Amino acid sequence: MSDIIRRDPRTEWIARNRLHPLHGTVSVSDEVEVRGPSGLLRKNPHKVGFIGPNGIKRIDRLKGNAAASGKGRKGGAAAEVQLPLHQVENPDFYIVVVPDMVGGRLTGHDKDMIGQAHKLINGLQSSSDEKGAVLAVCFGESKEEGFDTAGVDRLLLLNGDEYQGYCPEQQLAALVQVENTYQPKHWLFPDSVNGGADLGSRLAARINERPAVQAWLVDNSTTLSRGAGGTTDITRGTPRLLMLAEECAEPIDETRHEALDIELEHIPTVIAQLQDQGQVAVDPNAIPLGEAEFILSAGNGIHNWDQFHATATALGATEGASRVAVDDGFMPRFRQVGATGTWVTARVYLAVGISGAIQHMQGIGQCDKIIAINTDAGCDMVKGAALSTIGDSEEILAELNKLAENFRQQQADGSDQDAA
Ligand SMILES: Cc1cc2nc3c(=O)[nH]c(=O)nc-3n(C[C@H](O)[C@H](O)[C@H](O)COP(=O)(O)OP(=O)(O)OC[C@H]3O[C@@H](n4cnc5c(N)ncnc54)[C@H](O)[C@@H]3O)c2cc1C
């Protein structure tokens, strides 16, 4: 018999006519793709997705991705790209940036500020032969490895004991010494609650400069700042000292810089009026999702919710969730991350059993590092993650719990020995 698929006009007509008594027999199929009576492969839009436990229709992304291989993956284990090196041999002038370095690393806000510093340098260089460099002054312990790709030409790292914890008076003394030594063209601070606004105000008062605060559009002559609680813009000439709003400029991404270490002598040691009593432990779940630094987020791939909550506690992470986990009633609505939930800016976003739908990815675009745990190596979350573990969420969370427990135990043993 011939393999040619022959058209059956009568069956085709019945398939098109939803009121025909035989319609169900020719068109009903649980398949999303069906070969119609004409031989053509057709998609049945009524069969795409399924009704979840809450009665809401959803698209099953696992099905679409299950067959996907790891081919064509980007992001994640991104190939190292060697960017062109930008060198400034003997800078004629400096623009000094003082990053917040929350957790010892440059924040997105810090990187925007460094981008702004280079914009100012380019403007100044276009009208003279002088060469400028960005000098970053960083306090405390640094874990940052990307000063060069962030655009730092010179780096002054002040991490002695006197710079540990909250010590604005000592930091100010160092900045005054930088001012006396380098006479920078501009001082840039992030206008943030993480220290930038405080330190910038202190230095402005000390060196008698009138700063621009919440500056968001800056060039060499004019600065636009947000005023009156963000309801109006204030235009003024660009001052020497600027406290910059987030996203004031594009971060550096096309060049690599030297990040040469420099040292500064004769910084006076200040007898502090303020005493740092150390950090206060807080319940990670009491931190608003938008401000959380480390988020453990659950999706439809979580099948053991008690274990998920236990892991979040063991890791000290703030809990987040995909919309499906929320719609299905496993997590409260205020934990939803994404376009219609909270937009998060965590340093580490650990997504467990989340497929990476566009609405979810929109909400995590500002996170520094995304880690995915998923059974599907081809899902969009894995494609966008810096690190992925492919496997069952329950098994991987069990291992994570064990590691956290061992770590705690080792720390406890260590402190016992110290006490003895
Ligand atoms: C207007 C609109 C707004 C939306 N807004 C949002 C929003 O703000 N936030 C949001 O999150 N979604 C939002 N959505 C929903 C979004 O489109 C997705 O449906 C949702 O994000 C999917 O959630 P999920 O990844 O948890 O579930 P699924 O898509 O079902 O994915 C589950 C994932 O878990 C994996 N998995 C399954 N079993 C295991 C296992 N045992 N171990 C490990 N992994 C496993 C699967 O491989 C899959 O990748 C919105 C949708 C619309 C239409």
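Remember, it's 1-based here, ligands and their atoms both numbered in the order they're listed. Being a predicted model, the structure only gives us computed values, none of them experimental. Quick note: residue numbers are just sequence positions, from 1.
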Problem set entry | Aromatic plane relationship, His257 with His86 - under 30° parallel, 30 to 60° tilted, over 60° perpendicular |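 Tilted.
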
Heavy-atom contacts with [X] under 4.0 Å: which atoms of ligand 1 show up? List them by number with element.
| X | result |
| --- | --- |
| Asp392 | 40 (C), 41 (N), 42 (N) |
| Gly391 | 42 (N), 43 (C) |
| Ser355 | 25 (O), 28 (P), 29 (O), 31 (O), 33 (C), 48 (C), 49 (O) |
| Ala357 | 16 (C), 17 (O), 18 (C), 21 (O) |

Exercise. Does any donor atom in the side chain of His309 or Glu319 lie under 3.5 Å from an acceptor atom in the other side chain?
Worked result: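 Yes, because at least one side-chain N or O of His309 sits under 3.5 Å from a partner of the opposite role on Glu319.
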
Exercise. Is Met381 touching ligand 1 with its side chain, its backbone, both, or neither, if touching means heavy atoms under 4.0 Å apart?
Worked result: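 No part of Met381 is near ligand 1 at this cut-off.
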
For this session: Apply the test salt bridge (Lys or Arg N to Asp or Glu O under 4.0 Å) to residues Arg408 and Glu405: give CA-CA distance (whole Å), side-chain angles for both, the deciding distance (0.1 Å), then the verdict.
Result: CA-CA 5 Å; Arg408 289 253 156 83; Glu405 184 55 41; 5.6 Å; no

From the options [options], select the one whose nearest heavy atom is closest to [atom].
| atom | options | answer |
| --- | --- | --- |
| atom 49 (O) of ligand 1 | Asp376, Asn374, Asp327, Asn300 | Asn374 |
| atom 1 (C) of ligand 1 | Glu395, Arg323, His360, Glu394 | Arg323 |
| atom 9 (N) of ligand 1 | Asn304, Thr340, Val337 | Val337 |
| atom 32 (C) of ligand 1 | Gly363, Gly299, Gly353 | Gly353 |

For this session: Would you check the N or O atoms of Ala325, main chain and side chain alike, for any that come under 3.5 Å of an N or O of ligand 1?
Result: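 So ligand 1 has no N or O lying under 3.5 Å from an N or O of Ala325.
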
Problem set entry | Ala339-ligand 1 polar pair, N/O distance under 3.5 Å |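 Yes, there is a polar N/O contact under 3.5 Å.
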
Exercise. Can a non-hydrogen atom of Ala321 be found less than 4.0 Å from any atom of ligand 1?
Worked result: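 Judged by the 4.0 Å heavy-atom criterion, Ala321 does not count as contacting ligand 1.
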
For this session: May I ask whether Gly341 has any heavy atom positioned less than 4.0 angstrom from an atom of ligand 1?
Result: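 Yes.
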
Flag, side chain of [X] to backbone of [Y], donor-acceptor distance under 3.5 Å:
| X | Y | answer |
| --- | --- | --- |
| Thr318 | Leu289 | no |
| His118 | Gly151 | yes |
| Ser297 | Ala321 | yes |
| Thr238 | Asp219 | yes |

For this session: Give, for atom CG of Leu203 and atom CD1 of Ile207, the distance between the pair rounded to the nearest 0.5 Å.
Result: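 Going from CG on Leu203 over to CD1 on Ile207, the span is 4.0 Å.
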
Exercise. What's the spacing between Leu158 CG and Tyr163 OH if we round to 0.5 Å?
Worked result: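 Answer rounded to 0.5 Å: 4.5 Å.
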
